[in-house]
Number of protein chains: 2
Amino acid sequence: MSHTLGIRQAQKQKTRQAFLDAALALLEEQSLSSLGLREVTRAVGVAPTAFYRHFRSTADLGVALVDEALGSLHPMVRTTVSTTGDSEERIARAVELIDQHVTAFPAHVRFIARERHGGVQPVREAIRDQLARFAAEVKTELANDPEAAGWSDDDLLMLAHLYVDQMLITASLFLEALEAPRAERERVRQRAARQLRLISIGRDHWLDAE
Amino acid sequence: MSHTLGIRQAQKQKTRQAFLDAALALLEEQSLSSLGLREVTRAVGVAPTAFYRHFRSTADLGVALVDEALGSLHPMVRTTVSTTGDSEERIARAVELIDQHVTAFPAHVRFIARERHGGVQPVREAIRDQLARFAAEVKTELANDPEAAGWSDDDLLMLAHLYVDQMLITASLFLEALEAPRAERERVRQRAARQLRLISIGRDHWLDAE
DNA sequence: AATTCCGGAGAACAGTTGTTAACTGGATGA
DNA sequence: TCATCCAGTTAACAACTGTTCTCCGGAATT
C-alpha cells in the first residue's frame with residue numbers, strides 16, 4: 001500500500017476536500033437543501049463546472065459529508081461505552097468525551113443534527129444508516145457487560161438506541177452552548193450526566209419487574 | 001368579544017392561512033432555508049408582492065408556523081402527563097397519543113423536527129422557547145405527583161426535558177414509519193414504550209442512591 | 001354620499017441559479 | 001518522445017430569485 005498517489009490524484013483529492021470544507025463552513029448558517037452548487041465553487045475559488053468532476057449534485061456532496069462526520073467516530077463510540085470503572089466514572093467520561101468532540105468538530109456536529117431530519121432524502125438515509133450502525137455497536141458492547149445477563153436482544157437494542165439518541169441530544173446542547181458563558185456549559189454537563197444516571201438506574205432495575 | 005370580523009380582515013386571515021398551508025406542504029421535501037417567497041405565492045395562486053402584506057420574510061412565516069404547530073399542543077401535553085392510573089397504562093396512553101398526533105398532523109411534526117436544528121435562527125429560537133415551555137409545564141405536572149416527593153427542582157426539570165426530548169424522538173420515528181407496513185409501526189410503538197418504561201424505573205429508584 | 005384605507009396585481013430591476021458544450025494544458029503511460 | 005487522459009476553464013443558456021414602485025377596486029369610515 002506504499003503506492004504514492006500520483007500528482008494528479010493527489011491534487012484531485014485536495015480540491016475535493018476543499019469542496020467538503022467549504023460546504024461545511026457555508027452550512028453553518030443554512031441547510032443543505034438551500035446550498036447552491038455555484039455558492040460552493042465560489043467559496044473554493046474554482047469554476048462552477050469543476051464541481052461535477054467530484055459530485056453529481058449537492059445531495060451527493062452531503063452524503064460524502066455524512067461519511068466524513070460520522071465515519072471516523074466508530075472507534076470513539078466503542079471505547080466510550082466499553083471503558084471500565086465505576087458507573088459514575090463512566091458517565092462522567094462519556095459526557096466529557098462528547099463535550100470534547102463538539103469543541104473539536106462543531107461544524108460536523110451541527111451538520112449531522114441539522115440534516116438528520118433535513119430536506120434531502122439521501123442524506124437523511126445515510127445518517128440513519130450510520131446511527132443504526134452505532135446502535136448495533138453499542139448493543140454488542142452492552143452485551144459484553146456482565147450487567148446485561150438476562151437481557152433480551154430487543155431490550156439491548158432499545159437501550160442502545162436510547163443511548164445513541166441521548167448522545168446526539170447532548171452533543172446538540174453542547175453545540176448551542178459553545179459560545180455561551182462557562183456557567184451555561186456546566187449546566188448542560190450536569191443535566192446530561194444526570195439524565196445518563198437516571199437511565200443507568202433504570203437499567204440496573206430493568207429485570208426487577210420481571 | 002362577539003365582534004364579527006369584517007369582510008376585509010376575514011379575507012386577510014383566510015389568505016394568510018393559505019400561505020401557511022401552502023408553505024407546510026412545500027416543506028415536505030425541503031427545508032425552510034430553501035423555501036422561496038415566489039414559490040409560496042405561486043402555490044397559493046397569488047402575486048409575489050402579496051406575500052409582504054402578511055410576512056416580512058420566509059423566516060417570519062416560519063415563526064408563524066411554529067406557533068401553529070406547537071401552540072395548540074399545550075393542553076394535550078398537560079393531560080398526557082397528568083392522567084391517572086397504573087404507570088404501565090400511562091405509558092401506553094402517552095405512546096398512543098403521540099401516534100395519533102403524528103397521524104393527524106404529519107406535516108406539523110415534520111416541520112418541527114426539521115427546523116428544530118435547521119438553518120433559520122429565529123425559527124430555531126421559537127421552537128426552543130416553546131419546547132422549554134413544554135418542559136416547564138411537564139415539570140409542574142411531575143411535581144404534583146406524590147412520587148416526586150424529595151426531588152429537587154433541578155432534577156424535576158432534567159426529567160421533564162428527558163420526557164420532552166423522548167416525545168420528539170418518538171414522534172419523528174412514527175413519522176418515518178407513517179407509510180411503512182403495520183409491523184414496522186408496531187416495532188416503533190414497542191420500543192418507545194420500553195424506553196419510557198426504563199425511564200420510569202429509573203425515576204422510581206432515583207432517590208435510592210441518596 | 002364622499003373619502004380614506006388597504007389587500008392584492010402588474011411590471012420591471014439586477015442577480016442568481018443549474019447545466020450544456022467545447023476547450024486548455026499539464027500529468028500520465030506506451 | 002509522443003499520444004492519451006482528465007481536472008479545471010470559459011462562455012452561454014433559459015429560468016429563477018427577492019424587492020421596489022405604481023396602480024386598482026372594493027371595504028371601511030366619516
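Throughout, protein chains are lettered first and strands after them, A, B, ... in sequence-line order, and every chain is numbered starting at 1.
In this structure, the side chains of B/His74 and B/Gln130 come closer than 4.5 Å at one or more pairs of heavy atoms.
Note on ring orientation: taking the six-membered ring where Trp is involved, the planes of B/Phe105 and B/His108 are parallel (angle under 30°, cut-offs 30° and 60°).
Between the base of D/dT10 and the side chain of A/Thr49 there is a donor-acceptor pair shorter than 3.5 Å. Between the side chain of B/Arg8 and the base of C/dC5 there is at least one donor-acceptor pair of N/O atoms closer than 3.5 Å.
Between C/dG8, C/dT19, D/dT9, one nucleotide has an atom nearer to the side chain of A/Leu37 than all others, and that is C/dT19. Taking only side-chain atoms of A/Pro48, from C-beta outward, the nucleotide of D/dG8, C/dA9, C/dT19 with the closest atom is C/dT19.
B/Glu96 and B/Gln100 share a side-chain donor-acceptor pair at under 3.5 Å. No donor-acceptor contact under 3.5 angstrom links the side chains of B/Arg191 and B/Gln195, judged on distance only.
Remark: A/Asp145 engages A/Arg90 in a salt bridge, criterion side-chain N to carboxylate O under 4.0 Å.
Using a 4.0 Å heavy-atom criterion, one finds that B/Arg16 contacts no nucleic acid atom at all. B/Ser57 comes within 4.0 angstrom of nothing in the nucleic acid, heavy atoms only.
Distance CZ (B/Phe51) to P (C/dA9): 14 Å, rounded to an integer number of Å. Between the CZ atom of A/Arg56 and the P atom of C/dT20 there is a distance of 13 Å, rounded to whole Å. The CZ atom of B/Arg53 sits 13 Å away from the P atom of D/dT22 (whole-angstrom rounding). The distance from atom NZ of A/Lys12 to atom P of D/dT9 is 14 Å, rounded to the nearest whole Å. Distance, B/Glu39 CD to D/dC16 P: 11 Å, rounded to whole Å. For B/Gln11 and C/dC6, the CD to P distance is 16 Å, given to the nearest whole Å. Remark: P of D/dG8 and CD1 of A/Ile7 are 14 Å apart, rounded to the nearest angstrom. Distance, A/Leu35 CG to D/dT17 P: 18 Å, rounded to whole Å.
For B/Arg38 and A/Val46, each mapped to the nucleotide of DNA chain D holding its nearest heavy atom, the one lying further toward the 5' end belongs to A/Val46. Closest-nucleotide positions on DNA chain D for B/Tyr52 and B/Gln9 were compared, and the one nearer the 5' end corresponds to B/Tyr52.
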